[in-house]
Every structure is written in structure tokens, then in C-alpha cells.
Amino acid sequence: MRLLSAVLTGLFLWMSALPAGAQVQRTERIAAELVAMSQWAAPGSTTVVAVRQDIEPGWHTYWRNPGDSGGPTELTWRLPAGVEAGGIVWPLPERQRLQSLMNYGYSDQVYLPVPIEIPADATPGSVLSLSVDALFMVCSDEMCVPDELTLRLDLRVDDGEAPLDRAHGAAIARILETAPRPGGLTARVTRQGETVLLSVTGEALTGDLSDVYFFPFEGGVVDHPADQPGERGAEGLSLTLTAGRAILTGGLTGPMAGVLSTSQGAWEITAEVGEPLAGTTGQGALAEAAAPTGVGVFLQAALFALIGGLILNLMPCVFPILAMKAAALSASAHEPGEARRDGLAFLAGVLTTFLILAVALIALRAAGQAVGWGFQLQSPGVIAGLALLMLAVGLNLSGVFNVGMAAQGLAEGGAGGRLSRLPGGVGAFFTGVLAVVVAAPCTAPFMAFALGAALIMPAPMAVAVFLMLGLGLALPYVAVSLSPGLLKRFPRPGPWMDRLKGVLAFPMYGAALWLVWVFARQAGGEPLALLMAGALMLALGLFLWGWRQTARAEGRGGVVSTVAAALSMVAAMGLAGGGASLARAPEAGASGGGVLSSSPWSPEAVQAAQADGQVVFVNFTADWCVTCKVNERAALASDRVRSAVETTGAVYMVADWTLRDDAIARELERHGRSGVPLYLIYSLGSDTPRILPQLLTPGLVAEALNDAA
């Protein structure tokens, strides 16, 4: 018994000496915990702990100067005798524009590091219990809530230099490395009427800088939402800041301190009042942002968009529509005037739809939404509507009902007299609209750079890039429609067109089934049942509408079938809309999880895996992304890739963008992408990932994994 008691006592003492896991505290808006950078702290040293915030989508917290509203995170410590806490090491904040206001803060996830002084007489093997009352001002676009949480951490004391904590050490260390700090810069501030001129010199400012912005430490000294135009000089730079209320009412009476952020880094500065520094002007205006707005980059993006649009014609999601257009082109091939009209109308439909998508996407991003290419497919309602649309197109091609066919045409030529479509250029225009709608799930090579660059360009340039993508998509059909020599090679209309029409219905049914599967992944079982019921009612309604068309062609009234068809289609819309309204979020990491053994992606998960010395392979995907699914089945599911993952010990992570996820959208944007797929491989000892092509092969992925290891 004595031996057992001694063993149990020793085990208890050993376990008590281990660092206790941080206790996560939560509200509806934020989860927070106190975490350590190192696995232990040495006596007489300075260690670092951090308040880690996980902020719910649509909410944010604030920097030391919150800007025009809000309040900074406040920490009140309760520490053992001799232990002292320093101030927060504030990471560089985001600029959060809300209508006419500008706030500075953080969203998604942030670490706020704090240095902790450990007394020299701390006993190795002991545990220091740290506690802090954290007051977070957590705000959305509509309201602010002060959330106060008490966070605790048991920090082990031991001799020697401690390694980084596996879960959080690398992330905290990166914050400390990149956080603004004094950089040997000299700064002056000069009032010039209702503006102040901030001039700064130093070796760090003599390179090619862009995205220069000044974050003041104090509120009211500058107008936060105002632009900050600047100018380069031989020795530094200058910014023209709009004076805030404090200066306009009380004058510029003392130094102005803050953070100067640039594309090359961020530094704390203190600008003394005085004349502007020499060498800070005269070499042209500073770029307003680190965005590719130059003419050369714009032309490159436009060219890549055109090429990407051409390649998009070869992607599987566009095949059904192009087959329909080819058949329609055959019908008018020997009437050059009609062919030209249809070709130009198809182009107009494509360009109009791309214009609408571009304007919507740019407007959403300007409003602070994290969206990208295919953003509309992240809505279960849109997916449900598209599924019903594809079903309707398929039933039309199968002859269940006809669009745009006059009763006399039905009577004389029969339902199969020509490929069912709206008459003339109207039908061609809406086929162009449909082509863009079904192309959204696909991305082609060259599109990634083009759209990624477009979304950080000025709006007119961005719209032009999107229109070039549409031009590339429509160009093959337009080129054929405008070439009499090519048109003559098409076969003349005949019975073969009726058979082709029936065959083309099945790709549309397949597209409808695929969209139903995506909806099921997005929404769940009960909404799926409602959508299926809606599809049944739509099929019944269109069948009754076809019955009504036949009755009218034969001279009968068809009133009953008309009313029944209308009621059925209204019921279909109501059932599908009800299903979409009940949608629930999919399980994290579900998309792509069946290809390889996977775990959900997060920046912290990547950091933790790298800290453990593992290669990391990240798949940014979505269930509605056809290119993603082709890559997963053709490349990632291969034995060669599976073997490479096992051999290298790589961690495979899935970032599922099937529904909106602002963290994923920001990560895509950080790598210059506007949509999925995106494939990243982090090699050992490197924070900069290798980006794989959008179209994968087993050999390419296996080789990249082996190189990373």
C-alpha cells in the first residue's frame, strides 16, 4: 500500500506540474481563452501569454484605437505575488468601414499577446495560476454588446529555455514578429488648414511601397474614414490626413503617435510638430493600395480572363448548354442572317449576365462581405432554384411542354418540328444567360489570376475583366455564327434534330440531380424532402401546361389544365423556398473528406501541424464546384496520392466553402484567388505554401508532397 500510495502521489504531483489546458469561455458572439506561447516559463524570465479570440461571423472586436465607434479590449489581471503583466502587443488591425464610419479592429480570430514577468525566486516545478478579466466590445453592423469573460491559465515553471507550445506557440510568435514596433523612423506633423501633413523618413521607407496607411493611437486627431493620399520622396514619404475634431477645435498642440502601415511592414512612430521633413515628396503619388491597378497588370488580367473563358467551354458544366446551342446553330446554319442574329444575341446574354454578377460581387465586397466567384451557389435558395430550372429545361427538351411555339406550329409541325426554344434572338439571349448560370460551378486555368486580380482593382477595371471572361465563353459560338464558310458545313435540319433534342435532355436531368445533391449537402434531410416535393409539383405543372398547349392547338379551351398547371407551379416554388429556408450548415470539413482521411482547415490547425514538423496539404473546395470534384476523384483519390500522403506523413485538411465562410474567403483572397479550387502544400520549415495548378494529376500531387517532405 505504501508503494501504491507513493506512486499515486508522484503521479498526481507530476500531472499537476503539467500546463493545464486553457479553459475556453463563450458567449453567443465570441469564444476566448488564455493561452501560452511556451510550454513552460523559467524563473526570472519574460514569457508571453495571449488572449485568443474566436469571433463569430458578422461580429468584430477592436484595436487600441477603435476608430469611430466601439471600444478596445480591456484586461484586468489577478496574478501571484511577484508576477507582473505588461501591456497588450497589438497586432495590426483591419480597416472596417461601416457606411460613413471607419473602425479599426479584428474579425474571425485574433491573438492579443501580453508579456509576463516571472520572478527570479519562482520555484521550478511549481505552477503559477494566472487569471484575467477580459472586457470585449463585440459589435456587428447593427449592435454592440460588452462581453466580459474571466480567463484562467496554469503556467508551469521550470528551468531552461522552453519550446513553443504546440497548439498556439507558432501563431503567437508570428504575431510578435509582425506586430508594429519602433523602426528608427523620424516623423513630423504639420497642420495645413483642415489637413495635417505627416512626413516620415527612414531606410525602411526607401523601397517600392504601396498600401500606406496611418493608424493613430488616439481617436479624434484625424478623420478616420477620409482618404490618406500620399507622395514618395528620396528619403521617405508623406501623407495628407484630414484633421479630426480634436485638432480642428483645439489645434495641433503636441506629438501625434500611431502606426504607419505599408506593404513592406508596419512601424510605430511619434511625429513631432514642426516643418515637413525634407526628401519626403517629389517622386510621385503613393499607390492607394497594394492592388494590381497598373495598365500592364490590367491587360494581363483581361487576357487571362479571355483565355479562361475560352477554356471554360471545355469544362463539364458547360457541355449541355453548348450542345443545345450547336443544335440550334444547325437549325439556322443555312440562313446566315438568322445565324448572325442568334450569335450576337447569345453574346449579349452572356455579357449581360457577367455584368450583373460582376456588379453584385463588387458591391458585396465593398459592403464588407467576403465573397468570390460562385458566391451565389453558396445560397441553398439559389441551388434549389437552379435545380428546378435544369429540370424544366430537361422536360422542355423531352417534349413535355414547349416554349415559344405557336399553336399553329404545334398543329402543323408537331412538337418536334424544331429544337424547342424561345423565338428568334430572345431565345438565343436567354440561352446565353443560362450558359453563365451553369458555368458558375466551374473554374478554368487562367481564371484564378484574372478574377483574383479583378476583385482588388478599381470597379471599372474589374467589370472589364469579367466582361472579357464572358467574351471568351461566347467567342466560339459567335465566331461560327459569323462565318458563312463554317455554317455551310453544318448538316441541314431534319429528323436527327428531334432525336438530338431528346438526348440533350438527359445532361440537364443530370445537372438537376447534381444540384439536388449539393442542396442536400448544404441543407439536410427535411429541406431535401421539400425540394423533391417541389420538383414533383413542377414536373406535374409543366406536364399540365403541355397538355394545355395541345388542347389549344386542337381548338379546345384548356382552362382547367391552365389553372391546375399554375397552381402546381406555385406549389413547387413554395415547397422549394420552404426547403431552402430550413437549410442547416453542413458538417465541418465534410466536402472532400471521403477522398483522403481529412481534418477541417483553420489557420491554427496549419500552424499546429507545422509546429509538429508535418507537411500540410490544404484543399479549398466546395460541393458545387465541378472542377473540385473532378480533381478529387481523378487525382486525390488515386493510390499514388494516397501512398504519398502516408509516406510523407502529410496532414490533409479540407476548407469547405459550400456555404459562406468568411475565413476561407479571406484566405483565398490572401493567395490572390476569388474562388475554389485552391490547393496549398506547406513544406517543412516554411510558412509560404506552394500553390498547385487548378487541374491536378496524381503524379503532380505526389511529386509536390515528396518535394515538401
Side-chain angles (χ1 to χ4, degrees), residues 8-27 30-54 61 72-91 106 109-136 147-179 181 602-605 607-613:
L8 291 176
T9 301
L11 180 62
F12 173 78
L13 292 174
W14 175 76
M15 292 180 65
S16 66
L18 293 176
Q23 300 175 356
V24 180
Q25 302 297 315
R26 301 179 183 276
T27 70
I30 188 173
E33 60 181 329
L34 189 61
V35 297
M37 185 175 79
S38 304
Q39 295 183 19
W40 67 77
S45 68
T46 299
T47 191
V48 176
V49 300
V51 175
R52 176 178 179 266
Q53 304 174 30
D54 271 317
T61 58
T73 297
E74 298 179 5
L75 304 179
T76 303
W77 292 91
R78 291 192 299 276
L79 303 171
V83 179
E84 296 183 4
I88 296 173
V89 180
W90 294 93
Y106 309 103
Q109 186 179 92
V110 65
Y111 290 83
L112 300 183
V114 176
I116 301 292
E117 299 291 339
I118 307 298
D121 59 358
T123 305
S126 64
V127 174
L128 299 176
S129 295
L130 312 182
S131 178
V132 62
D133 293 326
L135 177 62
F136 307 101
D147 281 334
E148 186 169 9
L149 299 173
T150 298
L151 312 177
R152 295 181 175 86
L153 175 69
D154 289 341
L155 185 65
R156 181 161 59 102
V157 178
D158 210 339
D159 290 321
E161 183 177 352
L164 292 178
D165 177 78
R166 289 187 175 184
H168 306 285
I172 300 173
R174 188 155 34 247
I175 293 291
L176 294 176
E177 291 171 2
T178 59
R181 65 190 63 200
S602 70
E604 295 71 39
Q607 293 160 7
Q610 288 187 289
D612 286 339

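What's counted below: heavy atoms across the whole structure, side chains too, no hydrogens, waters or symmetry copies.
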S.K.: If every non-hydrogen atom of Pro113 is compared with every non-hydrogen atom of Ala50, which pair is closest and at what distance?
M.R.: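 Looking at all heavy atoms of both residues, the closest pair is CA-CB, 3.8 Å.
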S.K.: Taking all non-hydrogen atoms of both residues into account, name the closest pair between Gly87 and Pro115 and its distance.
M.R.: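 Looking at all heavy atoms of both residues, the closest pair is O-CD, 3.2 Å.
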S.K.: Could you report the tightest heavy-atom contact between Val83 and Leu79, atom names first, then the distance?
M.R.: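 So the minimum-distance heavy-atom pair works out to O-CD1, 3.7 Å.
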S.K.: Could you tell me whether the side chain of Leu112 reaches within less than 4.5 Å of the side chain of Leu75, counting heavy atoms only?
M.R.: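 Leu75 vs Leu112: side chains apart.
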S.K.: Give, for atom OG of Ser38 and atom CG of Asp165, the distance between the pair rounded to the nearest 0.5 Å.
M.R.: 8.0 Å
S.K.: Taking it one step at a time, do Met37 and Thr47 satisfy side chain to side chain contact (heavy atoms under 4.5 Å, CB included)?
M.R.: CA-CA 8 Å; Met37 185 175 79; Thr47 191; 5.7 Å; no
S.K.: Distance check, rounded to the nearest 0.5 Å: Trp40 atom CH2 versus Leu128 atom CG?
M.R.: 15.0 Å
S.K.: Is the shortest heavy-atom distance from the side chain of Thr27 to the side chain of Phe136 under 4.5 Å?
M.R.: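 With C-beta onward as the side chain, the pair stays apart.
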S.K.: Give a yes or no on whether a salt bridge exists between Arg26 and Asp54, defined as a side-chain N under 4.0 angstrom from a carboxylate O.
M.R.: no
S.K.: Are Pro91 and Thr178 close enough that some pair of their side-chain heavy atoms sits under 4.5 Å apart?
M.R.: no
S.K.: For the side chain of Ser602 and the backbone of Ala605, is there at least one donor-acceptor N/O pair under 3.5 Å apart?
M.R.: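 Indeed, once roles are kept as given, a pair shorter than 3.5 Å links the two residues.
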S.K.: Determine whether more than 12 heavy atoms belonging to other residues, nucleotides or ligands lie under 6.0 Å from atom CD of Glu148.
M.R.: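 Yes.
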S.K.: Quick one: pull up CD1 in Ile116 and CG in Leu130 and give me the separation to the nearest 0.5 Å.
M.R.: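 One finds 6.0 Å between CD1 of Ile116 and CG of Leu130.
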S.K.: Indicate the atoms forming the closest heavy-atom contact of Gln53 with Thr73, along with that distance.
M.R.: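 So the minimum-distance heavy-atom pair works out to NE2-OG1, 3.7 Å.
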S.K.: Got a sec, which residues hit side chain to side chain donor-acceptor pair (under 3.5 Å) with Asp158, two or more places apart in sequence or on another chain?
M.R.: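 Per chain and number, Asp158 pairs via side chain to side chain donor-acceptor pair (under 3.5 Å) with Arg156.
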S.K.: Give the minimum heavy-atom separation between Val24 and Ala31, together with the two atoms involved.
M.R.: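 Between these two residues, the closest heavy atoms are CG1-CB, 4.0 Å.
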S.K.: Considering only heavy atoms from C-beta outward, does the side chain of Pro43 approach that of Asp121 to under 4.5 Å?
M.R.: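 Side-chain contact under 4.5 Å: no.
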S.K.: Would you say Asp133 and Arg78 make side-chain contact, with heavy atoms under 4.5 Å?
M.R.: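 Yes - at least one pair of side-chain heavy atoms lies under 4.5 Å apart.
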S.K.: Find out whether Leu34 and Arg152 are in side-chain contact, i.e. whether some heavy atom of one side chain is under 4.5 Å from a heavy atom of the other.
M.R.: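 When only atoms from C-beta onward are counted, Arg152 and Leu34 do not touch, as no gap falls below 4.5 Å.
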S.K.: So how far is it from Gln39 CD to Leu155 CG, rounded to the nearest 0.5 Å?
M.R.: 11.5 Å
S.K.: Kindly write out the residues that satisfy ring pair (Phe, Tyr, Trp, His ring centres under 6.0 Å) with Tyr111, not counting sequence neighbours, or none if the list is empty.
M.R.: His168
S.K.: Only counting residues at least two apart or in another chain, list the ones meeting side chain to side chain donor-acceptor pair (under 3.5 Å) with Thr46.
M.R.: Glu117
S.K.: Roughly how far, to the nearest 0.5 Å, is the OG atom of Ser45 from the CG atom of Asp159?
M.R.: 10.0 Å
S.K.: Where is the tightest heavy-atom contact between Leu153 and Val49, given as atom of each residue plus distance?
M.R.: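 It is CD2-CG1, 3.9 Å.
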S.K.: Check whether any side-chain heavy atom of Thr150 lies under 4.5 Å from a side-chain heavy atom of Gln25, and answer yes or no.
M.R.: no
